[in-house]
2 protein chains.
Amino acid sequence: MTHLPPMPVDYLDRILVGDCIDSMNSLPEGCVDMVFADPPYNLQLGGDLLRPDNSKVDAVDDDWDKFADFARYDSFTRAWLAAARRVLKPEGTLWVIGSYHNIFRIGTALQDQGYWILNDIVWRKSNPMPNFKGKRFTNAHETLIWAARDRRAKRYTFNYESMKELNEGVQMRSDWLLPLCTGGERLKGEDGKKAHPTQKPESLLFRCLMAASNPGDTILDPFFGTGTTGAVARRLGRHYVGLERDPTYAAIARKRIAEISPLADEDVTPKPSKRSEPRVPFGVLIEAGLLQPGAVLIDPSGRHRARVRADGTLSASNSLGEHRGSIHQVGAAVQGAPACNGWTFWHFEAKGGRLPIDHLRQQVRAGL
Amino acid sequence: MTHLPPMPVDYLDRILVGDCIDSMNSLPEGCVDMVFADPPYNLQLGGDLLRPDNSKVDAVDDDWDKFADFARYDSFTRAWLAAARRVLKPEGTLWVIGSYHNIFRIGTALQDQGYWILNDIVWRKSNPMPNFKGKRFTNAHETLIWAARDRRAKRYTFNYESMKELNEGVQMRSDWLLPLCTGGERLKGEDGKKAHPTQKPESLLFRCLMAASNPGDTILDPFFGTGTTGAVARRLGRHYVGLERDPTYAAIARKRIAEISPLADEDVTPKPSKRSEPRVPFGVLIEAGLLQPGAVLIDPSGRHRARVRADGTLSASNSLGEHRGSIHQVGAAVQGAPACNGWTFWHFEAKGGRLPIDHLRQQVRAGL
DNA sequence: CGCACAATTGAATCCCCAA
DNA sequence: TTTGGGGATTCAATTGTGC
């Protein structure tokens with residue numbers, strides 16, 4: 001990887017007031033680990049909407065959400081996406097949130113610019129606003145796109161184990177059930193009214209940042225608003241760079257973030273993935289005396305057997321032929337399968353019963 | 001509305017083998033009530049079109065190549081969407097299903113052609129395939145777009161009450177939890193292998209057809225495959241027109257659909273909405289002797305009173321002034337509200353207590 | 001202070017016929 | 001095409017009020 005300059009210190013953990021495209025273009029190339037963007041949705045609302053009790057829905061009618069047509073919205077979208085891509089590190093990722101009004105246009109623009117979509121994520125709202133007139137399904141979700149800067153960027157950050165822990169031990173899915181930002185979390189003005197019409201819940205940002213960044217990383221948010229991204233970044237020990245056009249929002253965000261206490265390092269460091277644990281060649285188990293050459297390994301079903309050789313390979317034979325090679329190769333060969341994880345496939349006889357050889361690998365890692 | 005020719009009888013409940021765009025163009029304009037489309041996610045029509053993750057397009061780092069691939073998918077998408085729009089009735093709706101690989105391009109194309117998105121729907125899979133490599137979130141959903149032919153088409157079919165019933169009495173949301181098509185429902189070939197790689201569950205089509213069509217309607221599916229749309233349409237008393245380029249799939253679909261028994265009419269007719277009930281002028285209650293001129297009506301809170309006049313109007317006075325007019329107008333006026341449903345607002349004194357005048361309207365409708 | 005009930009609110013492309 | 005008017009339409013969660 002070529003050396004890239006870091007984020008200049010005078011941008012770090014700051015909010016820049018101004019046009020986000022200009023601001024991004026003033027940053028050096030490749031200085032950001034992750035982008036989180038909550039752009040205008042281009043809602044195209046018509047007249048007022050009344051609830052059955054005749055109260056008026058407080059709609060998002062701000063000027064910043066108004067675009068003359070799809071062409072204008074698209075050119076705006078493509079401009080900020082391109083600027084964001086320039087400041088992203090090669091292995092950085094981008095999150096964008098939107099609704100059906102705009103998300104298809106954003107996804108198309110992303111793909112056209114070379115971003116590589118990793119997932120689309122559905123934020124299922126536990127308490128959405130109903131459809132008052134009974135003319136459609138309750139619009140109960142929004143969509144996030146998570147994309148790598150580049151198709152070839154394979155080493156993006158994804159804290160798989162942390163997500164699994166958050167999801168009670170099973171893989172985190174692409175549909176997340178989270179409540180709206182209401183109650184005490186919702187920022188209010190002096191008049192008691194909401195400070196920003198579209199403030200996102202911190203739980204949503206928490207999950208995005210935990211999944212796709214590490215402590216010390218720099219997160220850029222080009223549509224900072226009242227600073228949810230900055231608040232969560234600070235709490236989780238990440239740096240942020242906030243871009244916001246409206247100085248009123250920026251001031252609210254500054255005050256909000258200043259009141260956040262970062263969590264302790266050890267609490268925000270992602271659970272290490274198995275992949276990052278030190279590699280242990282199978283032969284080391286033999287060298288360490290945990291397995292003897294000539295020992296017989298067996299698969300969980302008891303259908304397949306293989307013999308341990310001193311060089312750290314296995315040999316086996318069955319109706320498919322004679323097999324010799326690594327624990328993975330022989331595991332695959334005896335099953336006629338394209339691939340096999342030998343560490344969990346092959347078992348040895350222990351006192352307490354049959355155990356996977358991965359058990360022995362863990363002993364090596366523990367230094368036994 | 002201009003008169004439109006119906007679907008020709010020789011197309012009805014048939015499968016046309018051939019290119020779906022050609023087939024649609026051979027149909028008259030505006031002859032279809034609903035389209036359900038499950039287009040190729042990866043584009044390999046006749047091996048002529050791209051697949052975004054095709055290994056042959058190795059290391060696509062050339063912007064022009066990327067554009068060329070997506071451009072071909074887009075032109076295919078725009079061609080079939082335009083053909084579908086032509087055969088849709090003005091008040092017809094279209095469903096498309098896709099994944100993050102293609103749905104953004106489809107949504108953009110839809111909007112560009114003038115379709116008006118009504119909802120995006122998330123099919124949450126209760127049993128998705130896990131992410132084996134642990135590099136992404138489990139891809140646990142697919143996305144459907146439901147769109148009207150036109151922004152101005154307000155009278156599209158949406159069986160709100162039926163959906164509400166299906167969802168235990170609360171509005172159906174935009175996220176649907178349904179299992180994959182497996183087990184006995186999954187069509188298998190002689191070799192025991194699945195007959196079609198992307199067969200959709202009938203439950204998914206059931207919900208789309210129940211929501212957005214009526215018995216007797218004609219449903220067009222331009223990517224018919226093994227005929228899930230046809231099977232559900234036949235069971236629910238809808239007509240289908242299936243377009244499929246592969247004669248093998250078409251044959252499987254024909255056999256499958258022939259074995260379906262349509263349900264009884266009364267079982268597939270949507271629950272009627274109140275809007276569809278006959279209108280009863282308030283004055284009819286007076287003519288029928290259910291209310292006497294001079295009777296006093298009262299609102300549920302007891303704050304407002306009005307007097308019934310012989311011509312079917314009400315009169316009332318309060319701090320806001322003197323009010324005279326329809327039950328709705330006077331109800332709104334006494335409250336200072338923008339609107340009011342007089343039938344549920346105004347009550348009369350009955351033996352068992354206070355009852356809404358809607359109770360009397362129901363007696364009229366029942367012919368008492 | 002607790003409990004019951006009422007009021008408020010959230011990124012919303014939200015009615016429909018007849019004159 | 002526009003206007004007027006009948007009358008149909010809401011879920012979950014939090015906050016405020018009254019007893």
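In what follows, every chain begins at residue 1, and chains take the letters A, B, ... in the order their sequences are listed.
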Visitor: Reckon B:Lys164 touches a base, only the sugar-phosphate, or nothing at all at heavy-atom distances under 4.0 Å?
Guide: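 Here B:Lys164 touches the backbone only, sparing every base.
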Visitor: Look at all strands and tell whether A:Pro128 reaches a base, only sugar-phosphate, or nothing, counting heavy atoms closer than 4.0 Å.
Guide: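 The residue A:Pro128 makes base contact.
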Visitor: Can the ring centres of B:Trp95 and B:Trp146 be said to be less than 6.0 Å apart?
Guide: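 Yes, close enough.
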Visitor: Expressed in whole Å, how much space separates the P atoms belonging to D:dT14 and C:dA11?
Guide: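 Comparing P positions in D:dT14 and C:dA11 gives a spacing of 14 Å.
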Visitor: How would you label the contact of B:Glu161 with the nucleic acid (heavy atoms, under 4.0 Å): base, sugar-phosphate, or nothing?
Guide: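 Sugar-phosphate contact only - B:Glu161 comes under 4.0 Å of backbone atoms but never of a base.
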Visitor: For DNA chain C, write out the stems as range with range, using runs of 3 or more consecutive Watson-Crick or G-U pairs with both distances under 3.5 Å.
Guide: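 So far as stems of 3 or more pairs are concerned, DNA chain C shows C:2-10 with D:11-19, C:15-19 with D:2-6.
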Visitor: Under the 6.0 Å and 45° cation-pi test, does A:Arg124 pair with A:Trp176?
Guide: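 That pair does not qualify as a cation-pi contact.
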Visitor: Would you indicate what B:Ser273 reaches in the nucleic acid, counting non-hydrogen atoms under 4.0 angstrom: base, sugar-phosphate, or nothing?
Guide: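 If one applies the 4.0 Å heavy-atom cut-off, B:Ser273 turns out to touch nothing in the nucleic acid.
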Visitor: I need the CG-P distance between B:Asn167 and D:dT10, as an integer number of Å.
Guide: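 Interatomic distance, CG of B:Asn167 to P of D:dT10: 13 Å.
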Visitor: Between D:dA13 and C:dT13, how far is it from one C1' atom to the other, in whole Å?
Guide: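 Each nucleotide's C1' atom is 25 Å from the other's.
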Visitor: Kindly check if the number of other-residue, nucleotide or ligand heavy atoms within 6.0 Å of NZ (A:Lys255) is above 12?
Guide: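 For A:Lys255, atom NZ is not crowded (no more than 12 foreign heavy atoms under 6.0 Å).
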Visitor: Using a strict 4.0 Å threshold on nitrogen-to-oxygen distance, state whether A:Lys125 and A:Glu142 make a salt bridge.
Guide: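 Here A:Lys125 pairs with A:Glu142 in a salt bridge, since their nearest N and O are under 4.0 Å apart.
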Visitor: Consider only side-chain N and O atoms of A:Thr228 and A:Glu202, and report whether a donor and an acceptor are under 3.5 Å apart.
Guide: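 Note: A:Thr228 and A:Glu202 side chains miss the donor-acceptor criterion.
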Visitor: Tell me what A:Thr198 touches on the nucleic acid: a base, only sugar-phosphate, or nothing, going by heavy atoms under 4.0 Å.
Guide: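 Base, at least one base heavy atom under 4.0 Å.
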Visitor: Syn or anti for D:dT14? Use the chi torsion, O4'-C1'-N9-C4 for purines and O4'-C1'-N1-C2 for pyrimidines, with syn inside 90° of 0.
Guide: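 Anti, which is what one calls it when the glycosidic angle falls more than 90° from 0.
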Visitor: In whole Å, what is the span from the CG atom of A:Leu50 to the P atom of C:dT9?
Guide: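 Roughly 15 Å, once rounded to whole Å.
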Visitor: Touch check for A:Trp123, heavy atoms < 4.0 angstrom, all strands: base, sugar-phosphate only, or nothing?
Guide: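 Nothing, no heavy atom under 4.0 Å.
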Visitor: Taking donor-acceptor contacts at under 3.5 Å, does the side chain of A:Lys194 reach the base of C:dA11?
Guide: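 There is none.
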Visitor: When the aromatic ring centroids of A:Phe76 and A:Phe67 are compared, is their separation below 6.0 Å?
Guide: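 For A:Phe76 and A:Phe67, the ring centres are under 6.0 Å apart.
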Visitor: Consider salt bridge (charged side-chain N to carboxylate O under 4.0 Å, His left out). Of B:Asp217, B:Asp33, B:Asp150, which one does B:Lys89 pass it with?
Guide: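 Filter result, single survivor: B:Asp33.
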Visitor: For the C1' atoms, the ones on C:dC1 and on D:dG16, what distance do you get once it is rounded to whole angstrom?
Guide: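 16 Å, rounded to whole Å.
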Visitor: Might you confirm whether atom CZ of B:Arg86 has over 12 heavy atoms from other residues, nucleotides or ligands at distances under 6.0 Å?
Guide: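 Result for CZ/B:Arg86: enclosed.
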Visitor: Roughly how far apart are A:Phe36 CZ and A:Lys200 NZ, rounded to 0.5 Å?
Guide: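 Rounded to the nearest 0.5 Å, the CZ-NZ separation comes out at 7.5 Å.
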Visitor: Would B:Ile145 and B:Ile121 count as a side-chain contact (heavy atoms from CB on, under 4.5 Å) here? Give the steps.
Guide: CA-CA 6 Å; B:Ile145 300 174; B:Ile121 299 288; over 6 Å; no
Visitor: Whole Å only: how far is the NE2 atom of A:His141 from the P atom of D:dC11?
Guide: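 So the NE2-P distance, A:His141 to D:dC11, works out to 19 Å.
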Visitor: I'd like to compare against my own output: the B/S/- annotation of nucleotides 12-19 of chain C with a strict under-4.0 Å heavy-atom distance to protein.
Guide: BBBSSS--
Visitor: Nearest whole angstrom, please: distance from the P of C:dT8 to the CG of A:Asn54.
Guide: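 It works out to 13 Å between those atoms.
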Visitor: Where along residues 316-349 of chain B does a heavy atom come under 4.0 Å from DNA chain C, residue by residue in number order?
Guide: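 Going residue by residue through residues 316-349 of chain B, none turns out to have a heavy atom under 4.0 Å of DNA chain C.
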Visitor: Going from OG1 on A:Thr143 to CG on A:Asp175, what distance comes out if it is rounded to the nearest 0.5 angstrom?
Guide: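 A:Thr143 OG1 to A:Asp175 CG: 11.5 Å, rounded to 0.5 Å.
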Visitor: Roughly, in whole Å, what's the span from CG in A:Asp53 to P in C:dT8?
Guide: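 Going from A:Asp53 (CG) to C:dT8 (P), I get 8 Å.
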Visitor: Would you call B:Asp299 and B:Arg305 a salt bridge, taking side-chain N to carboxylate O under 4.0 Å as the test?
Guide: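 B:Arg305 and B:Asp299: not salt-bridged.
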Visitor: Give one of base, sugar-phosphate or nothing for B:Asp120, where a contact means two heavy atoms less than 4.0 Å apart.
Guide: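 Touches nothing.
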Visitor: Identify whether any heavy atom of A:Pro201 sits under 4.0 Å from a base atom; if not, whether one sits that close to sugar-phosphate; answer base, sugar-phosphate or nothing.
Guide: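 Result for A:Pro201 = nothing.
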Visitor: Taking CZ from B:Arg365 and P from D:dA8, how many angstroms apart are they, rounded to a whole number?
Guide: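 It works out to 7 Å between those atoms.
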Visitor: With P as the reference atom in both, quote the distance from D:dG7 to C:dC14 in angstrom, rounded to an integer.
Guide: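 Each nucleotide's P atom is 23 Å from the other's.
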Visitor: Examine the base of D:dG7 for any acceptor or donor lying under 3.5 Å from a partner atom in the side chain of B:Arg361, and report the outcome as yes or no.
Guide: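 By the distance-only test, no, there is no pair.
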Visitor: Would you kindly give the CZ-to-C1' distance between B:Arg279 and D:dA8, to the nearest whole Å?
Guide: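 Rounding to the nearest Å, CZ of B:Arg279 and C1' of D:dA8 are 13 Å apart.
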Visitor: Any carboxylate oxygen within less than 4.0 angstrom of a Lys/Arg side-chain nitrogen, looking at A:Lys194 and A:Asp58?
Guide: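 A:Asp58 and A:Lys194: salt-bridged.
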Visitor: Return the value, rounded to whole Å, for the distance between atom CZ of A:Arg51 and atom C1' of C:dA7.
Guide: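 Distance check: A:Arg51 CZ to C:dA7 C1' gives 11 Å.
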